[in-house]
Amino acid sequence: EFAEGTYQDAQRIAASIAHTLETSLAQTAGSDLSRAGESGETLTNKSGPAGGVQSRWLQSCGLRAAAKNALLPYAIQPSLAELDALILECETRINDAGEGAAAAQTPQTPRAPQGVAALHGAPAPKAQNFAATHGAPLLEAQSFLAWARRIKRQCFDAQGRYKGPRATRARFGLLSLGEEFQLFAVPGELFCRIGMGLKKRALPAKLLVCGYYGGTVGYIPSEEACSQGGYEVESAYRYYGAPAALSPDTEQRIHAIVEALRREVAR
């Protein structure tokens, strides 16, 4: 079964990871204490022997962290004509799906819940799987229709001029563990090509990219992917409520953000 994640889910998972890390550090500290005892060395501080070893371990790593807020511009926003065309298309698809389902329905075969009603109302039949509820054309039409109507209502004035946001706020973070290992946190789903470029520029240090930092702005495509199109570029942003996909120059902006954060943690 599939379930959308909640804030409580994130807290539970984070607590589990933190507990595992703390347990590992305590075990490491215990081993260091044993070796120190054999050599006659005393490792203590106000937190006790184990805390002293952990403190010294963290200090020896040169742990540094920095965060940066940035504006990521959107690509070209939709026009009213494009929104009206999408609204008409989605309404037609929804009406056609409803008529087809009604024609196939019989008194002995009750209609199964569809679309949003199936996800947020009565439970779906057991035969329904992930593809049936999250890749369904009807659900896509319903979602895109709601998005187009909202963008038209909120992002255009009475004269039809765009007044909505032209960029989204995003927060990035970099954690450096000495000179050998770095964690770069991004607020979304970064394309592999961008991540590989970041890793290459970080050499000789090893860099690990972490997603969903402080939330998500959605997919973050590479400049090449923006020219190729596809779901992540052409329509996925609608599920996140954004008026458009991110600008093609986002990849270069992220490289500049990493360099700024790297200089900050190196101070």
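If you're wondering where the values come from, they're calculated on a predicted model, not measured in any experiment. Atom set for the values below is all heavy atoms of this structure, side chains included, hydrogens, waters and symmetry mates excluded.
- Within 6.0 Å of the CG atom in L21, the count of heavy atoms belonging to other residues, nucleotides or ligands exceeds 12.
- Between R149 and E91 a salt bridge is recorded (basic side-chain N to carboxylate O distance below 4.0 Å).
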Step by step, work out the side-chain contact (heavy atoms from CB on, under 4.5 Å) result for T168 and L71.
CA-CA 6 Å; T168 182; L71 285 176; over 6 Å; no
Walk me through whether H255 and E251 qualify under side-chain contact (heavy atoms from CB on, under 4.5 Å).
CA-CA 7 Å; H255 280 292; E251 179 175 1; 4.0 Å; yes
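- Environment of OH in Y231: crowded, with over 12 heavy atoms of neighbouring residues, nucleotides or ligands closer than 6.0 Å.
- Checked by atom type and distance alone, the side chain of E264 never pairs as donor or acceptor with a backbone atom of A66 at under 3.5 Å.
- Residues A141 and I94 come closest through the heavy atom pair CB-CG1, 3.8 Å.
- Ion pair R93/E140 flagged as a salt bridge, since at least one NZ, NE, NH1 or NH2 atom sits closer than 4.0 Å to an Asp/Glu carboxylate oxygen.
- Without hydrogens or angle criteria, T250 side chain to L246 main chain gives no donor-acceptor distance under 3.5 Å.
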Begin with the C-alpha distance, continue with both residues' side-chain angles, and end with the deciding distance and a verdict on side-chain contact (heavy atoms from CB on, under 4.5 Å) for R201 and V258.
CA-CA 10 Å; R201 293 192 183 193; V258 171; over 6 Å; no
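- With hydrogens and angles disregarded, no donor-acceptor distance shorter than 3.5 Å links the side chain of D249 to the backbone of Q252.
- Smallest separation of non-hydrogen atoms from P243 and P165: CG-O, 3.9 Å.
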Apply the test side-chain contact (heavy atoms from CB on, under 4.5 Å) to residues F184 and I254: give CA-CA distance (whole Å), side-chain angles for both, the deciding distance (0.1 Å), then the verdict.
CA-CA 10 Å; F184 178 55; I254 290 177; 3.9 Å; yes
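- Placement of L261 and I194 within a single hydrophobic cluster is found when ILVMFWY residues are connected by side-chain heavy-atom separations under 4.5 Å, directly or transitively.
- Checked by atom type and distance alone, the side chain of S24 never pairs as donor or acceptor with a backbone atom of T20 at under 3.5 Å.
- Heavy-atom minimum distance, A242 versus W147: O-NE1, 2.9 Å.
- D9 has a carboxylate O that lies under 4.0 Å from a charged side-chain N of R12, or vice versa, which qualifies the two as a salt bridge.
- Sparse packing is recorded around CZ of R193, with 12 or fewer heavy atoms of other residues, nucleotides or ligands lying under 6.0 Å away.
- Each side chain to side chain donor-acceptor pair (under 3.5 Å) pair with one or both residues in residues 204-222, not counting sequence neighbours, appears once here: E189-Y212.
- Nearest heavy-atom pair, C210 versus L183, reported as atom, atom and distance to 0.1 Å: SG-CD2, 4.0 Å.
- The cationic atom of R166 (NZ for Lys, CZ for Arg) does not lie both less than 6.0 Å from the six-membered ring centre of Y74 and within 45° of the ring axis.
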